[in-house]
Amino acid sequence: MVPSLFMMQRFLFPGAIGCKPSFILVKRYNCSSQKNARLQDDRWIPTVGLEIHAQINSKSKLFSSAKNQFMAPPNSLVSNFDASIPGTLPVINKECVRKAVRTGLALNCKIQKTSFFDRKHYFYSDMPQGYQITQYKHPIAKNGYLHYPTADGSVVKRVKIEQIQLEQDSGKSMHEEGQVTLIDLNRAGVGLMEIVTAPEVSSAGDACAFLKELYGILMRIGTCNGKLAEGQFRVDANISIAQQKTKLGTRVEVKNISGFKHIHNVIEYEIKRQIRIVEEGGIVESETRAFDYETGFTVSMRDKEIKQDYRFMSEPNLPPLHVYDDSSVTSLSNPSSVINVDQERRNLPKLPADIRGHLIESFHLSFVEAEFLTNRNMENYFIEVMECAHNLNPTVVWNWIKMHVIAHMVEYNLSSIEECYVSARDLAALLLLLHNNEINAETAYLTFTTAIQTRQHPDKIVEENNWKMISDKETVTKLCEDAIATLQCTDAKALSGYDADKPKSKASKQAIKRVIMLVRKNTNDKIHTGVAKDVTMKLLNYKRTS
Amino acid sequence: MLHHCCRCNWLKILFRSNFCQRKLSSSHFNCRLFGSDLVPSTSQWIEIKEEDLPSKTILSLEEVRHVENLALVQYEDLNFEKTILEDAIRFADILLTVNTDDVEPLYTVLEDESLYLREDIVTEGGSAENILKNAQSVMEDYFVAPPGNIALSDSEHKSN
């Protein structure tokens with residue numbers, strides 16, 4: 001079930017005195033977070049359009065079969081085609097096409113049965129051909145959308161995805177003290193999916209929320225590895241401000257931002273900068289700016305004289321790219337040699353929004369809790385624990401996973417929950433013991449760490465170590481009664497401080513503590529202190545009244 | 001006798017018939033050696049009158065400089081270059097006399113072909129030495145290039 005697209009608000013129709021209040025659907029433009037509230041100057045409406053370059057998770061590059069790998073000796077993963085040696089031709093990678101189709105389906109796009117490739121010309125040392133092969137006019141996917149949660153899931157917004165296109169990445173250039181540039185072509189030719197949104201995002205917070213959701217989806221469907229440090233997910237932001245919602249101001253492009261925090265800072269800074277310019281009476285120039293990570297400013301990049309003209313032309317070496325569906329694939333002699341869109345649609349896994357929805361609905365987790373599990377691919381682990389032990393409190397399970405399971409994974413350097421030393425079933429058993437008060441919190445933690453070290457079942461560990469606590473009401477009541485009786489004989493003052501009307505006062509707590517201490521001593525610390533406390537309080541209350 | 005078949009561009013020895021037989025993919029083409037309906041037998045020349053063409057495109061020196069920058073060339077005499085460019089554009093203006101209403105643009109002569117998808121296996125690359133073989137300047141296995149586009153310095157945001 002897709003959460004409500006708009007905020008439902010109650011309004012009285014203007015001028016409708018005495019009318020019954022009606023519900024009107026109101027589209028919320030501004031995120032309610034405090035950060036944006038500070039920034040927001042209500043006269044200026046910012047508009048942000050995003051272009052995301054996501055490196056495709058494939059073994060070889062898009063048009064050459066050189067290896068796609070981040071760390072490697074310079075120029076060691078370069079084929080003749082990547083180096084633009086004459087006499088070479090592009091040969092497209094089927095896996096890249098499949099991943100682009102998959103992404104398109106996950107973003108609700110219409111997959112184009114036929115798409116074409118174009119050349120985008122510009123000169124730069126890290127692009128030996130002098131042009132980039134991209135899909136300008138007829139991309140592989142068009143007209144999608146994405147619903148993304150903001151404000152901790154309470155507001156769901158929507159952005160139109162204009163298109164998704166396949167294109168080549170460029171090489172890497174390192175500038176050496178203004179003297180020379182060193183070029184490494186290992187990355188040249190790696191497949192990218194360029195995801196272009198409509199200019200509909202209206203704040204830095206929203207942009208980040210959208211990007212996080214997109215990122216989660218790409219990771220979930222496995223089309224991008226999302227290693228931000230390796231530049232696998234880069235964002236270009238097109239930012240403009242206007243006084244009316246319907247108009248769009250001059251846009252400024254900031255390229256190649258990597259990292260969610262940086263994206264937030266860039267967009268915020270740029271909006272502020274543009275507002276400042278127009279309020280001082282100036283005009284915002286249409287240009288491309290770079291982001292300076294150290295200062296947090298955007299700085300002008302291109303020389304103002306040269307306006308880029310990419311001279312798009314069709315790529316003459318590549319025939320049209322066809323993808324098929326169930327009906328058209330039957331006429332082919334070799335169906336496995338092509339991409340079947342219907343098959344890819346069937347193979348799509350559950351997307352983060354659906355998983356979160358399921359967790360929230362079935363287990364009454366909060367949005368933040370559901371998001372936590374989904375982002376780490378731990379939802380199945382959690383669900384399995386809950387299925388093994390239905391009575392458990394989901395929040396307790398979640399807390400345990402968040403604190404102890406994650407700590408364990410970090411310590412043992414495990415990358416996925418499947419590698420966890422404590423299986424979901426075992427954790428369920430452990431938490432059930434805790435739930436039934438057969439062990440207390442301390443012992444539970446001990447059992448957990450022991451389970452990690454010995455890989456034994458928690459029940460067995462508790463039994464072997466004799467950690468089971470006395471917690472059944474009858475026994476506990478008897479023990480407490482005995483303890484109270486003993487204290488009244490030996491040290492009556494100990495219990496005198498107890499005040500039934502103020503059970504939380506220092507004196508009362510002290511009294512209870514004395515009782516518990518004695519019971520612990522008598523039972524060799526086997527008493528479940530939590531249960532004992534409750535019982536003691538009841539008994540003392542009863543004692544007072546009697 | 002060797003004759004050049006104008007249709008299928010093959011040199012064929014003329015045997016008994018006037019036909020050259022050559023299998024092209026799955027179909028069998030029978031070309032007539034000399035002349036077909038599509039290729040005229042004598043040269044044809046159609047005169048295009050100056051008045052039929054739209055007005056000549058005049059470039060400003062700014063634009064000529066812009067084209068120079070885009071093409072990474074530089075001539076010494078800007079005015080001469082301007083004349084050459086304008087004449088070249090004029091020559092191409094002949095194309096504008098052709099009526100292309102309702103005609104789909106041809107993007108590639110391979111439009112009836114389908115792009116072949118290769119399997120995602122690594123088979124190339126691996127030798128930096130090979131790739132760098134022809135480079136004019138190499139430094140520690142990197143290509144050396146002149147300094148590229150670097151962001152303008154702090155002077156801009158110092159004033160902010």
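In the text below, chain A, chain B and the rest are named by the order of the sequence lines, each starting its count at 1.
- In this model, a donor atom of one side chain and an acceptor atom of the other lie less than 3.5 Å apart for A:S60 and B:D120.
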For side chain to side chain contact (heavy atoms under 4.5 Å, CB included), just list the numbers for A:S173 and B:Y142, CA-CA rounded to whole Å, side-chain angles, deciding distance to a tenth of an Å, and then say yes or no. CA-CA 9 Å; A:S173 47; B:Y142 287 93; over 6 Å; no
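- Atoms OG and CG, on B:S127 and A:L77 in that order, are 11.5 Å from each other to the nearest 0.5 Å.
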Before you tell me yes or no, could you show the steps for B:V144 and A:T181 under side chain to side chain contact (heavy atoms under 4.5 Å, CB included), namely the whole-Å CA-CA distance, both residues' side-chain angles and the distance that decides it to 0.1 Å? CA-CA 6 Å; B:V144 178; A:T181 307; over 6 Å; no
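- If you measure heavy-atom distances from A:L185 to chain B, the contacts under 4.5 Å come from the side chain alone.
- Going from atom CD1 of A:I183 over to atom OG of B:S137 covers 11.0 Å, rounded to the nearest 0.5 Å.
- Annotation: the span from B:L72 atom CG to A:Y122 atom OH amounts to 13.5 Å, rounded to 0.5 Å.
- Interatomic distance, A:K94 NZ to B:I121 CD1, rounded to the nearest 0.5 Å: 9.5 Å.
- You'll find the side chain of B:L115 stays beyond 4.5 Å of the side chain of A:H322, heavy atoms only.
- Note that the CZ atom of B:F143 and the CG atom of A:D126 stand 12.0 Å from one another [nearest 0.5 Å].
- Side-chain N/O atoms of B:E124 and A:S64 include no donor and acceptor closer than 3.5 Å.
- Proximity to chain B is absent for every atom of A:M313, based on heavy atoms less than 4.5 angstrom apart.
- Of the possible polar contacts, none joining the A:N75 side chain to the B:A128 backbone as a donor-acceptor pair under 3.5 Å is found.
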How far apart are the C-alpha atoms of A:N93 and B:R118, what are their side-chain angles, what is the distance that settles it, and do they pass the side chain to side chain contact (heavy atoms under 4.5 Å, CB included) test? CA-CA 5 Å; A:N93 181 340; B:R118 103 187 116 83; 3.5 Å; yes
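- Of the atoms belonging to B:A71, it is backbone heavy atoms, and not side-chain ones, that fall under 4.5 Å from chain A.
- For A:R98, no part sits under 4.5 Å from any heavy atom of chain B, backbone or side chain.
- Interface remark: of the candidates A:P320, A:A72, A:S314, A:P320 forms the most heavy-atom pairs closer than 4.5 Å to chain B.
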Residue pair B:N130, A:V78: steps toward the side chain to side chain contact (heavy atoms under 4.5 Å, CB included) verdict: CA-CA 9 Å; B:N130 219 20; A:V78 185; over 6 Å; no
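- Atom OG of A:S79 sits about 6.5 Å away from atom CD1 of B:I131, to the nearest 0.5 Å.
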